[in-house]
Amino acid sequence: MPIACEERTMALRYDLPTASEITPETVYLERRRWMQGLAGLALAPLLPEATGATNPSALAARPGRFSTSETRNSLEQITGYNNYYEFGTDKDEPARNAHTLRPRPWAVIVEGECEAPRTYDIDTLLKLAPLEERVYRLRCVEGWSMVIPWVGFELGTLLRQVKPTSRAKYVAFTTLADPKQMPGLASGVLDWPYTEGLRIDEAMHPLTLLAVGLYGKALPNQNGAPIRLVVPWKYGFKSAKSIVRIRLTEQQPATAWNKAAPQEYGFYSNVNPEVDHPRWSQGSERRIGELLRRKTVLFNGYGEQVAGLYRGMDLRRFY
Ligand code: MTE
(Lines give C-alpha, C1' and ligand atoms only; values in the text may rest on other atoms or scores of the structure.)
Protein backbone atom coordinates (compact mmCIF):
# COMPACT_ATOMS: atom_id res chain seq x y z
CA MET A 1 0.00 0.00 0.00
CA PRO A 2 1.38 3.43 -0.71
CA ILE A 3 1.45 4.54 2.91
CA ALA A 4 2.84 2.46 5.73
CA CYS A 5 0.24 1.30 8.12
CA GLU A 6 1.88 2.63 11.22
CA GLU A 7 1.44 6.15 9.89
CA ARG A 8 -2.20 5.30 9.39
CA THR A 9 -2.49 3.76 12.84
CA MET A 10 -0.96 6.80 14.46
CA ALA A 11 -3.57 8.88 12.68
CA LEU A 12 -6.44 7.05 14.36
CA ARG A 13 -8.46 9.74 16.04
CA TYR A 14 -10.11 7.60 18.65
CA ASP A 15 -9.22 4.87 21.08
CA LEU A 16 -10.78 1.67 19.94
CA PRO A 17 -12.27 -0.48 22.71
CA THR A 18 -11.17 -4.06 23.14
CA ALA A 19 -13.84 -6.69 22.61
CA SER A 20 -14.05 -7.31 26.36
CA GLU A 21 -14.97 -3.68 26.93
CA ILE A 22 -18.15 -3.90 24.88
CA THR A 23 -21.18 -3.04 27.01
CA PRO A 24 -24.83 -3.59 26.21
CA GLU A 25 -25.04 0.09 25.32
CA THR A 26 -22.82 -0.53 22.34
CA VAL A 27 -25.29 -3.03 21.00
CA TYR A 28 -27.40 -0.11 19.90
CA LEU A 29 -24.42 1.61 18.30
CA GLU A 30 -23.41 -1.58 16.57
CA ARG A 31 -26.86 -1.99 15.20
CA ARG A 32 -26.80 1.57 13.94
CA ARG A 33 -23.51 0.92 12.18
CA TRP A 34 -24.97 -2.19 10.63
CA MET A 35 -27.80 -0.12 9.32
CA GLN A 36 -25.31 2.39 7.91
CA GLY A 37 -23.17 -0.36 6.45
CA LEU A 38 -26.15 -2.03 4.90
CA ALA A 39 -27.69 1.22 3.82
CA GLY A 40 -29.03 1.43 0.35
CA LEU A 41 -32.51 1.30 -0.99
CA ALA A 42 -31.98 -2.13 -2.49
CA LEU A 43 -31.72 -3.58 1.01
CA ALA A 44 -34.55 -1.58 2.51
CA PRO A 45 -37.07 -4.42 2.26
CA LEU A 46 -34.78 -6.52 4.45
CA LEU A 47 -34.55 -4.05 7.26
CA PRO A 48 -36.49 -4.78 10.45
CA GLU A 49 -38.88 -1.89 10.04
CA ALA A 50 -39.98 -3.35 6.72
CA THR A 51 -40.26 -6.98 7.67
CA GLY A 52 -41.12 -6.93 11.32
CA ALA A 53 -38.34 -9.43 11.92
CA THR A 54 -36.09 -8.73 14.87
CA ASN A 55 -32.84 -9.57 13.15
CA PRO A 56 -33.53 -9.94 9.45
CA SER A 57 -29.99 -9.74 8.18
CA ALA A 58 -28.84 -12.46 10.57
CA LEU A 59 -27.23 -15.40 8.82
CA ALA A 60 -27.63 -18.83 10.38
CA ALA A 61 -24.11 -20.18 10.67
CA ARG A 62 -22.74 -23.18 12.48
CA PRO A 63 -19.32 -23.02 14.14
CA GLY A 64 -16.72 -23.97 11.56
CA ARG A 65 -13.22 -25.41 11.51
CA PHE A 66 -9.96 -23.56 12.07
CA SER A 67 -11.41 -20.80 14.28
CA THR A 68 -8.99 -19.07 16.63
CA SER A 69 -10.01 -18.58 20.25
CA GLU A 70 -8.13 -15.25 20.37
CA THR A 71 -10.14 -12.20 21.41
CA ARG A 72 -12.24 -10.95 18.53
CA ASN A 73 -12.01 -7.38 17.43
CA SER A 74 -15.20 -5.45 18.01
CA LEU A 75 -17.73 -4.83 15.28
CA GLU A 76 -16.84 -1.15 15.48
CA GLN A 77 -13.18 -1.88 14.84
CA ILE A 78 -13.87 -4.32 12.01
CA THR A 79 -16.30 -1.98 10.26
CA GLY A 80 -14.61 1.33 11.04
CA TYR A 81 -10.98 0.69 10.05
CA ASN A 82 -10.91 -0.61 6.50
CA ASN A 83 -9.03 -0.81 3.26
CA TYR A 84 -11.44 -0.51 0.35
CA TYR A 85 -9.80 1.92 -2.04
CA GLU A 86 -12.85 2.09 -4.29
CA PHE A 87 -14.33 4.17 -1.46
CA GLY A 88 -11.23 6.16 -0.49
CA THR A 89 -7.75 5.47 0.81
CA ASP A 90 -8.20 6.65 4.41
CA LYS A 91 -9.13 3.98 6.92
CA ASP A 92 -12.40 5.67 7.88
CA GLU A 93 -13.51 6.45 4.33
CA PRO A 94 -15.03 3.07 3.42
CA ALA A 95 -17.36 3.29 6.46
CA ARG A 96 -18.36 6.81 5.46
CA ASN A 97 -18.64 6.30 1.71
CA ALA A 98 -19.65 2.70 1.02
CA HIS A 99 -23.37 3.33 1.58
CA THR A 100 -23.55 3.89 -2.19
CA LEU A 101 -22.65 0.27 -2.92
CA ARG A 102 -25.71 -1.76 -3.91
CA PRO A 103 -25.21 -5.40 -2.88
CA ARG A 104 -28.51 -6.53 -4.50
CA PRO A 105 -29.14 -7.59 -7.18
CA TRP A 106 -25.71 -9.19 -7.53
CA ALA A 107 -24.34 -11.91 -9.76
CA VAL A 108 -21.03 -13.76 -9.65
CA ILE A 109 -19.77 -15.25 -12.92
CA VAL A 110 -17.71 -18.43 -12.53
CA GLU A 111 -16.01 -19.31 -15.79
CA GLY A 112 -12.80 -20.23 -17.60
CA GLU A 113 -11.15 -23.64 -17.39
CA CYS A 114 -14.15 -25.57 -16.14
CA GLU A 115 -16.76 -27.92 -17.57
CA ALA A 116 -19.79 -26.23 -16.05
CA PRO A 117 -19.37 -22.43 -16.08
CA ARG A 118 -22.27 -20.64 -14.46
CA THR A 119 -23.52 -17.27 -13.34
CA TYR A 120 -24.76 -17.40 -9.76
CA ASP A 121 -27.20 -15.03 -8.18
CA ILE A 122 -25.90 -14.03 -4.76
CA ASP A 123 -28.93 -15.55 -3.02
CA THR A 124 -28.26 -18.86 -4.74
CA LEU A 125 -24.66 -18.69 -3.50
CA LEU A 126 -25.91 -18.13 0.04
CA LYS A 127 -27.64 -21.51 -0.18
CA LEU A 128 -24.78 -23.36 -1.87
CA ALA A 129 -23.50 -24.82 1.38
CA PRO A 130 -24.34 -24.54 5.07
CA LEU A 131 -22.79 -21.29 6.24
CA GLU A 132 -20.05 -21.50 8.84
CA GLU A 133 -18.61 -19.05 11.30
CA ARG A 134 -14.82 -18.95 10.98
CA VAL A 135 -12.92 -16.72 13.37
CA TYR A 136 -9.72 -15.87 11.50
CA ARG A 137 -6.77 -13.57 12.04
CA LEU A 138 -6.37 -10.98 9.27
CA ARG A 139 -2.85 -9.53 8.89
CA CYS A 140 -2.61 -6.48 6.66
CA VAL A 141 0.63 -5.95 4.74
CA GLU A 142 0.73 -2.48 6.31
CA GLY A 143 1.50 -3.95 9.74
CA TRP A 144 -1.80 -4.20 11.60
CA SER A 145 -4.01 -7.17 12.32
CA MET A 146 -7.48 -8.04 13.55
CA VAL A 147 -9.46 -11.11 14.58
CA ILE A 148 -12.71 -11.34 12.60
CA PRO A 149 -15.62 -13.78 12.95
CA TRP A 150 -16.51 -14.31 9.30
CA VAL A 151 -19.59 -16.11 8.04
CA GLY A 152 -19.15 -17.94 4.77
CA PHE A 153 -18.39 -21.15 2.95
CA GLU A 154 -15.29 -22.70 1.44
CA LEU A 155 -14.35 -21.39 -2.00
CA GLY A 156 -13.56 -25.01 -2.93
CA THR A 157 -17.26 -25.91 -2.58
CA LEU A 158 -18.11 -23.43 -5.33
CA LEU A 159 -15.16 -24.37 -7.56
CA ARG A 160 -16.01 -28.08 -7.39
CA GLN A 161 -19.52 -27.29 -8.64
CA VAL A 162 -18.20 -25.88 -11.92
CA LYS A 163 -15.85 -28.84 -12.42
CA PRO A 164 -12.38 -27.38 -13.08
CA THR A 165 -10.52 -28.97 -16.00
CA SER A 166 -6.94 -30.24 -15.69
CA ARG A 167 -5.80 -26.96 -17.26
CA ALA A 168 -7.12 -24.94 -14.31
CA LYS A 169 -3.90 -23.97 -12.51
CA TYR A 170 -4.97 -20.62 -11.07
CA VAL A 171 -8.06 -18.73 -10.03
CA ALA A 172 -8.52 -15.04 -10.89
CA PHE A 173 -10.89 -12.78 -8.98
CA THR A 174 -12.38 -9.58 -10.35
CA THR A 175 -14.29 -7.17 -8.15
CA LEU A 176 -16.92 -4.57 -8.93
CA ALA A 177 -15.73 -1.36 -10.58
CA ASP A 178 -18.73 0.92 -11.02
CA PRO A 179 -17.93 4.64 -10.93
CA LYS A 180 -21.57 5.38 -10.12
CA GLN A 181 -21.31 3.43 -6.88
CA MET A 182 -17.61 3.87 -6.10
CA PRO A 183 -16.21 7.40 -5.78
CA GLY A 184 -12.64 6.10 -5.34
CA LEU A 185 -12.49 4.89 -8.94
CA ALA A 186 -11.93 8.49 -9.97
CA SER A 187 -8.46 8.23 -8.46
CA GLY A 188 -5.75 6.44 -10.38
CA VAL A 189 -4.34 4.80 -7.26
CA LEU A 190 -4.90 1.32 -8.77
CA ASP A 191 -5.68 -0.06 -12.21
CA TRP A 192 -9.39 -0.82 -11.71
CA PRO A 193 -11.06 -3.21 -11.37
CA TYR A 194 -9.27 -4.58 -8.30
CA THR A 195 -8.12 -8.05 -9.24
CA GLU A 196 -6.52 -10.86 -7.26
CA GLY A 197 -5.41 -14.42 -7.84
CA LEU A 198 -4.59 -17.70 -6.16
CA ARG A 199 -2.97 -20.91 -7.24
CA ILE A 200 -5.65 -23.59 -7.63
CA ASP A 201 -4.42 -25.58 -4.61
CA GLU A 202 -4.55 -22.41 -2.49
CA ALA A 203 -8.06 -21.72 -3.76
CA MET A 204 -9.20 -25.27 -2.97
CA HIS A 205 -7.64 -25.25 0.50
CA PRO A 206 -10.32 -25.62 3.18
CA LEU A 207 -9.09 -22.48 4.98
CA THR A 208 -9.96 -20.33 1.95
CA LEU A 209 -13.34 -18.78 2.46
CA LEU A 210 -15.91 -16.85 0.50
CA ALA A 211 -17.30 -14.63 3.23
CA VAL A 212 -20.85 -13.31 3.03
CA GLY A 213 -21.10 -12.02 6.58
CA LEU A 214 -19.39 -11.23 9.83
CA TYR A 215 -20.52 -11.28 13.45
CA GLY A 216 -23.48 -13.38 12.33
CA LYS A 217 -24.94 -10.86 9.87
CA ALA A 218 -24.62 -9.94 6.21
CA LEU A 219 -21.35 -8.25 5.27
CA PRO A 220 -21.39 -4.50 5.73
CA ASN A 221 -20.59 -2.70 2.48
CA GLN A 222 -17.22 -1.48 3.70
CA ASN A 223 -16.12 -5.06 4.36
CA GLY A 224 -16.88 -6.19 0.82
CA ALA A 225 -20.61 -6.84 0.52
CA PRO A 226 -22.13 -9.02 -0.65
CA ILE A 227 -19.28 -11.52 -1.09
CA ARG A 228 -15.51 -11.36 -0.60
CA LEU A 229 -12.55 -13.64 -0.41
CA VAL A 230 -10.77 -14.45 2.87
CA VAL A 231 -7.33 -16.10 2.68
CA PRO A 232 -6.09 -15.90 6.27
CA TRP A 233 -2.46 -16.97 5.77
CA LYS A 234 -1.85 -14.24 3.18
CA TYR A 235 -1.70 -10.48 3.58
CA GLY A 236 -5.13 -8.89 3.66
CA PHE A 237 -4.95 -7.45 0.15
CA LYS A 238 -5.37 -10.95 -1.31
CA SER A 239 -8.87 -10.99 0.20
CA ALA A 240 -10.69 -9.25 -2.65
CA LYS A 241 -13.97 -7.52 -1.79
CA SER A 242 -17.28 -7.40 -3.67
CA ILE A 243 -16.40 -10.13 -6.18
CA VAL A 244 -18.24 -10.25 -9.51
CA ARG A 245 -16.14 -12.74 -11.49
CA ILE A 246 -14.15 -15.86 -10.65
CA ARG A 247 -12.14 -17.26 -13.55
CA LEU A 248 -10.18 -20.52 -13.65
CA THR A 249 -7.06 -20.00 -15.71
CA GLU A 250 -4.04 -21.85 -17.02
CA GLN A 251 -1.71 -18.85 -16.64
CA GLN A 252 -0.96 -16.96 -13.45
CA PRO A 253 -3.32 -13.97 -13.45
CA ALA A 254 -2.27 -10.36 -13.03
CA THR A 255 -3.14 -8.84 -9.68
CA ALA A 256 -3.88 -5.20 -8.90
CA TRP A 257 -1.19 -4.61 -6.28
CA ASN A 258 1.45 -6.51 -8.19
CA LYS A 259 0.73 -4.39 -11.26
CA ALA A 260 0.92 -1.22 -9.15
CA ALA A 261 4.21 -2.04 -7.37
CA PRO A 262 5.74 -5.40 -8.38
CA GLN A 263 8.80 -5.00 -6.12
CA GLU A 264 6.54 -4.56 -3.11
CA TYR A 265 3.63 -6.96 -3.68
CA GLY A 266 4.19 -10.40 -5.16
CA PHE A 267 1.68 -12.95 -6.36
CA TYR A 268 1.98 -15.17 -3.28
CA SER A 269 1.91 -12.55 -0.52
CA ASN A 270 2.11 -15.13 2.25
CA VAL A 271 2.47 -13.56 5.69
CA ASN A 272 6.18 -13.93 6.41
CA PRO A 273 8.09 -12.09 9.15
CA GLU A 274 11.39 -13.06 7.45
CA VAL A 275 10.64 -11.21 4.22
CA ASP A 276 10.38 -7.50 4.81
CA HIS A 277 8.42 -5.12 2.67
CA PRO A 278 11.03 -2.98 0.87
CA ARG A 279 9.87 0.05 2.88
CA TRP A 280 9.15 -1.47 6.31
CA SER A 281 9.66 -4.54 8.47
CA GLN A 282 7.14 -7.36 8.51
CA GLY A 283 8.56 -8.74 11.76
CA SER A 284 5.81 -7.41 14.00
CA GLU A 285 2.29 -6.09 13.86
CA ARG A 286 -0.18 -4.07 15.89
CA ARG A 287 -3.41 -5.84 16.71
CA ILE A 288 -6.02 -3.12 16.37
CA GLY A 289 -7.11 -2.16 19.88
CA GLU A 290 -3.80 -3.17 21.51
CA LEU A 291 -0.91 -0.94 22.46
CA LEU A 292 2.04 -3.30 22.34
CA ARG A 293 3.15 -4.83 19.08
CA ARG A 294 3.14 -8.60 18.63
CA LYS A 295 5.55 -10.72 16.68
CA THR A 296 4.25 -11.70 13.27
CA VAL A 297 4.06 -15.46 12.72
CA LEU A 298 4.89 -17.25 9.44
CA PHE A 299 1.72 -17.88 7.42
CA ASN A 300 -0.10 -15.75 10.01
CA GLY A 301 -0.08 -18.77 12.34
CA TYR A 302 -1.74 -21.14 9.84
CA GLY A 303 1.51 -22.96 8.96
CA GLU A 304 0.25 -26.30 10.23
CA GLN A 305 -2.48 -26.15 7.62
CA VAL A 306 -0.71 -24.53 4.66
CA ALA A 307 3.10 -24.91 4.89
CA GLY A 308 2.86 -28.04 2.73
CA LEU A 309 1.56 -25.98 -0.19
CA TYR A 310 4.96 -24.28 -0.45
CA ARG A 311 7.35 -27.14 0.34
CA GLY A 312 10.57 -26.69 -1.65
CA MET A 313 9.73 -23.14 -2.73
CA ASP A 314 12.04 -20.22 -2.02
CA LEU A 315 9.65 -17.92 -0.17
CA ARG A 316 11.98 -14.94 -0.63
CA ARG A 317 11.77 -15.30 -4.37
CA PHE A 318 8.08 -16.14 -4.43
CA TYR A 319 7.02 -13.36 -2.06
N1 MTE B 1 -10.78 -5.41 -2.13
C2 MTE B 1 -11.08 -4.37 -2.95
N3 MTE B 1 -11.98 -4.57 -3.95
N4 MTE B 1 -10.51 -3.14 -2.80
C5 MTE B 1 -9.57 -2.91 -1.83
O6 MTE B 1 -9.06 -1.78 -1.72
N7 MTE B 1 -8.29 -3.83 0.05
C8 MTE B 1 -7.64 -5.07 0.54
C9 MTE B 1 -8.65 -6.19 0.78
N10 MTE B 1 -9.61 -6.28 -0.30
C11 MTE B 1 -9.23 -3.98 -0.95
C12 MTE B 1 -9.88 -5.22 -1.14
C13 MTE B 1 -6.83 -4.85 1.72
S14 MTE B 1 -5.39 -3.97 1.50
C15 MTE B 1 -7.16 -5.38 2.93
S16 MTE B 1 -6.08 -5.27 4.26
C17 MTE B 1 -8.46 -6.02 3.16
O18 MTE B 1 -9.30 -5.95 2.02
C19 MTE B 1 -9.15 -5.33 4.32
O20 MTE B 1 -10.36 -5.97 4.63
P21 MTE B 1 -11.27 -5.35 5.79
O22 MTE B 1 -11.39 -3.88 5.52
O23 MTE B 1 -12.57 -6.06 5.71
O24 MTE B 1 -10.55 -5.60 7.09
Side-chain angles (χ1 to χ4, degrees), residues 1-5 8-9 16 33 37 72-98 101 103 106 108 134-152 172-179 181-185 187-198 209-215 218-246 255-261 264-265 269 271 277 282 285-289 300:
M1 319 294 109
I3 299 180
C5 162
R8 299 282 197 194
T9 307
L16 297 163
R33 186 176 290 280
R72 303 162 185 211
N73 280 92
S74 70
L75 184 64
E76 251 113 19
Q77 291 166 337
I78 296 168
T79 59
Y81 190 82
N82 300 101
N83 276 332
Y84 197 167
Y85 277 20
E86 290 86 333
F87 294 100
T89 54
D90 285 347
K91 292 288 178 280
D92 59 346
E93 281 187 297
R96 283 194 281 115
N97 298 336
L101 177 68
W106 194 276
V108 179
R134 300 272 187 102
V135 188
Y136 283 170
R137 290 177 288 275
L138 179 140
R139 166 60 156 86
C140 179
V141 74
E142 297 167 330
W144 52 268
S145 63
M146 289 203 208
V147 174
I148 304 178
W150 301 109
V151 173
F173 303 87
T174 306
T175 71
L176 184 72
D178 179 359
Q181 299 180 56
M182 301 171 138
L185 295 189
S187 90
V189 60
L190 286 173
D191 183 15
W192 312 111
Y194 193 102
T195 53
E196 258 308 335
L198 294 172
L209 216 61
L210 280 173
V212 294
L214 60 83
Y215 265 119
L219 274 182
N221 287 352
Q222 59 266 39
N223 293 91
I227 187 160
R228 55 114 22 111
L229 191 61
V230 178
V231 196
W233 71 97
K234 294 178 181 282
Y235 292 117
F237 67 88
K238 297 298 280 183
S239 296
K241 295 179 170 181
S242 308
I243 293 170
V244 292
R245 186 182 300 269
I246 299 176
T255 64
W257 278 105
N258 181 252
K259 280 194 285 178
E264 303 191 359
Y265 311 110
S269 308
V271 173
H277 185 283
Q282 293 292 20
E285 68 203 56
R286 199 175 89 93
R287 179 71 46 88
I288 298 298
N300 202 20

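Source: prediction; values computed, not measured. When a ligand or atom number is given, it counts from 1 through the structure's own listing order.
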Determine whether the side chains of Asn83 and Lys91 contain a donor N or O and an acceptor N or O closer than 3.5 Å. yes

Are Lys234 and Glu196 close enough for a salt bridge, meaning some N to O gap below 4.0 Å? no

Under 4.0 Å from ligand 1 - residues by heavy atom, chain and number: Met1, Asn82, Asn83, Tyr84, Tyr85, Glu86, Cys140, Thr175, Tyr194, Asn223, Arg228, Gly236, Phe237, Ser239, Ala240, Lys241

Taking the six-membered ring for Trp, are Tyr235 and Phe237 parallel (under 30°), tilted (30 to 60°) or perpendicular (over 60°)? parallel

Closest heavy-atom contact between Ser187 and Trp192? O-NE1, 3.0 Å

Does the side chain of Ser242 come under 3.5 Å of the side chain of Tyr84 through a donor N or O and an acceptor N or O? yes

Taking salt bridge (charged side-chain N to carboxylate O under 4.0 Å, His left out) as the test, write out the residues that go with Arg139, two or more places apart. Glu285

